[in-house]
Participant: 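I have a structure here, written as C-alpha cells, and I will follow up with some questions on it.
The model shown is predicted, which means the values in this text are computed figures rather than measured ones. Both ligands and their constituent atoms are indexed starting at 1 by order of listing. FYI, side chains are in, hydrogens and waters are out, and symmetry mates aren't considered; it's all heavy atoms of this structure.
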Amino acid sequence: MGGHLNIVIRGTGASVPDHVITNDHFASYLDTSDEWILSRTGIKERRKIADDKTVLDLALEASRLALEDAKMTPDELDLIMVCTATPETQVPATACWLQHELGISGENGIGTFDLSAACSGFIYGLVFASNIIQGGNYKNVLVVGAETLSRITDSQDRSTAILFGDGAGAAIISRSEDPEQGILYNELGADGSRAKAIWMPAGGSRDPASIRTVNERLHNLRMNGREVYKFAVLKMQQLIVEALERTGHVADDLAMIIPHQSNRRIMDSARERVNLPPEKMAVNIDRYGNTSSASVIMAFDEARRDGRLKAGDLVLIVAFGAGVTWGSALIRL
Ligand code: UT7
C-alpha cells in the first residue's frame with residue numbers, strides 16, 4: 001500500500017489493429033455461439049494483429065499519440081517502461097525496440113525495460129513510474145501497456161480463444177505542481193501459489209522451445225477459467241472497497257471506475273459491490289475483448305478523449321491477472 005504520489009498523467013494514447021474478429025468467426029469452427037460469448041463475457045468483437053505487424057507497431061502508435069496529447073517530443077522522456085505478457089522478443093525488452101523506433105536510441109539513450117505483471121501490468125507500471133518520479137531523478141516516464149494475445153492464444157481452445165484481443169495504450173507520467181493531484185492510494189499484490197491459473201508452459205528457460213513443446217501446444221496460454229473467475233470477483237470487490245475506505249472516500253466521489261476488461265460479469269459484480277451506476281464504469285471489452293495489460297489504459301484514454309474524464313476528477317483503476325497479480329490506484333486527475 002502506498003501514500004500520496006504527486007504526479008499528473010500528461011498525455012495518453014491507444015492503438016488497435018484494424019482487423020475485427022466477430023463472435024460468429026469462432027462459432028464457425030468451434031462449439032460456441034455469439035449468444036454464449038456475449039452473455040458469458042460481454043464481448044461482441046475483438047481485434048487481431050496482421051501477420052506482418054507486431055506488438056511493437058501497436059506500442060509505437062500508442063506512444064506517439066500519448067506524446068502528441070502531452071505536447072511533448074520523445075527526447076523529453078527520461079525512462080520507458082513497456083508492460084506486456086507478449087513481448088516483441090524474449091531478449092531484449094520490447095522497450096528497447098520502442099526507444100529506437102521513437103528515434104531516441106544511441107550512446108546517451110534513456111533507460112528502458114519491460115515489466116511482467118500480465119493484466120495488472122499497467123497499474124504496476126503506473127505506480128512504479130510515479131514512485132520513481134517522486135524520487136526526484138526522473139521527470140517524464142512513458143508507460144505502455146501493449147499486447148498481442150492472439151499470438152499466444154490457442155485458436156482451438158474455446159475458453160481462451162474467444163476472450164483475448166490485441167491492443168496497446170500509453171501514458172506519459174510527469175511530476176505535478178498541484179499538491180492535490182496524483183495517486184492518493186495504491187495497492188499492488190500477488191499470489192504466486194496460483195501461478196498455473198493462467199500460464200504459458202513452454203518457451204521460457206524452464207521448458208525451452210523444442211519440437212516437442214510445439215507439438216504439445218505448450219506455447220499457448222492455459223487458463224483455469226473458473227478458478228480465475230472466482231478469485232477475480234472477490235479480489236476486484238475487495239480492492240475497490242479498500243481504496244475507498246482507506247482514503248475516506250465514498251463511491252459517489254468517483255467520476256469513474258476503470259476496471260481491467262476481463263469479463264463483463266466480473267466487472268459488473270465489482271461495480272455493483274459499491275452501487276456505482278453502469279455509466280460510471282469504463283467499458284471497452286465489448287469492442288476489444290480482454291487486452292490484458294492494455295485494457296485499463298485503453299479505456300482510460302477513451303474516457304479522457306471523449307470528455308468523460310477531466311482534470312480534478314477522481315478515478316479508480318483496478319486489475320488482476322496472471323501470476324496471479326492484482327493492483328489498484330485511486331487517482332486525482
Ligand atoms: O485477464 C484475466 C484473464 N482471465 C479471466 O478473467 C477469465 C475469467 N474467467 C472467465 O471469464 C470465465 O470463466 C470464462 C468466460 C472463461 C468461462 O465462462 P464460465 O461461465 O465461467 O464457464 P465455466 O468455465 O464455468 O464453464 C461452463 C461451461 C463448460 O462446459 P461444461 O464443462 O459445463 O460442459 C465450458 O466448457 O462452458 C463451457 N465453455 C464454453 N461454452 C461455449 C467454455 N467456453 C465456452 C465457449 N462457448 N466459448
Side-chain angles (χ1 to χ4, degrees), residues 21-46 83-86 115-125 145-169 189-191 194-200 220-239 258-271 281-286 288-299 317-328:
I21 306 278
T22 62
N23 291 342
D24 285 336
H25 163 76
F26 295 106
S28 73
Y29 74 94
L30 289 173
D31 182 13
T32 189
S33 65
D34 177 44
E35 199 279 325
W36 192 95
I37 298 171
L38 187 57
S39 64
R40 304 307 286 169
T41 70
I43 300 169
K44 291 180 184 146
E45 57 188 43
R46 72 290 288 142
C83 312
T84 184
T86 49
L115 188 154
S116 172
C119 305
S120 315
F122 181 79
I123 299 183
Y124 268 63
E147 303 284 6
T148 46
L149 268 298
S150 66
R151 295 266 160 95
I152 62 163
T153 307
D154 185 348
S155 59
Q156 302 302 317
D157 173 7
R158 66 178 180 172
S159 71
T160 52
I162 54 129
L163 209 54
F164 296 108
D166 300 337
D191 176 3
R194 296 176 186 267
K196 288 187 179 175
I198 311 175
W199 73 309
M200 188 166 89
N220 293 318
L221 272 188
R222 300 271 170 98
M223 181 176 79
N224 182 337
R226 201 166 291 183
E227 180 192 345
V228 176
Y229 188 94
K230 279 193 207 148
F231 177 83
V233 165
L234 291 177
K235 185 50 86 178
M236 295 286 267
Q237 293 185 1
Q238 185 194 334
L239 287 169
I258 306 184
H260 167 46
Q261 310 284 307
S262 52
N263 178 321
R264 183 68 199 253
R265 290 185 293 143
I266 297 174
M267 294 157 60
D268 280 336
S269 85
R271 177 181 61 73
M281 182 173 77
V283 176
N284 70 24
I285 190 168
D286 51 338
Y288 303 130
N290 177 340
T291 52
S292 191
S293 70
S295 90
V296 167
I297 179 60
M298 280 170 60
I317 60 177
V318 57
F320 71 94
V324 291
T325 55
W326 58 85
S328 67

Participant: Ring centres under 6.0 Å, that's the criterion: do F26 and W36 meet it?
Facilitator: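 Not close enough - the centres of the two rings lie 6.0 Å or further apart.
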Participant: Step by step, work out the side-chain contact (heavy atoms from CB on, under 4.5 Å) result for Y124 and C83.
Facilitator: CA-CA 8 Å; Y124 268 63; C83 312; over 6 Å; no
Participant: Could you go step by step and tell me if R265 and D268 meet the salt bridge (charged side-chain N to carboxylate O under 4.0 Å, His left out) rule?
Facilitator: CA-CA 5 Å; R265 290 185 293 143; D268 280 336; over 6 Å; no
Participant: Extract all N/O-N/O pairs under 3.5 Å that connect ligand 1 to the protein, and present each with both atom names and the distance rounded to 0.1 Å.
Facilitator:
residue, atom, partner, partner atom, Å
ligand 1, 1 (O), H260, NE2, 2.8
ligand 1, 1 (O), N290, ND2, 2.8
ligand 1, 9 (N), G225, O, 3.1
ligand 1, 11 (O), N263, ND2, 2.7
ligand 1, 13 (O), G225, O, 3.2
ligand 1, 20 (O), R40, NE, 3.0
ligand 1, 20 (O), R40, NH2, 2.8
ligand 1, 20 (O), R265, NH2, 2.9
ligand 1, 25 (O), R226, NE, 2.8
ligand 1, 25 (O), R226, NH2, 2.7
ligand 1, 26 (O), R226, NH2, 3.3
ligand 1, 36 (O), R158, NH2, 2.8
ligand 1, 41 (N), R158, NH1, 3.4
ligand 1, 47 (N), T32, OG1, 2.7
ligand 1, 48 (N), T32, OG1, 3.2
ligand 1, 48 (N), R158, O, 3.0

Participant: Strictly by side chain to side chain donor-acceptor pair (under 3.5 Å), give each pair with a member in residues 148-158 just once, sequence neighbours left out.
Facilitator: S150-D166, D154-R217, D157-S159, D157-T160
Participant: Looking at CG of L163 and CG of N290, how far apart are the two atoms once the value is rounded to the nearest 0.5 Å?
Facilitator: 5.0 Å
Participant: In this structure, which one of H260, M298, Q261, R46 forms a side chain to side chain contact (heavy atoms under 4.5 Å, CB included) with T291?
Facilitator: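 Single pass found, and it is M298.
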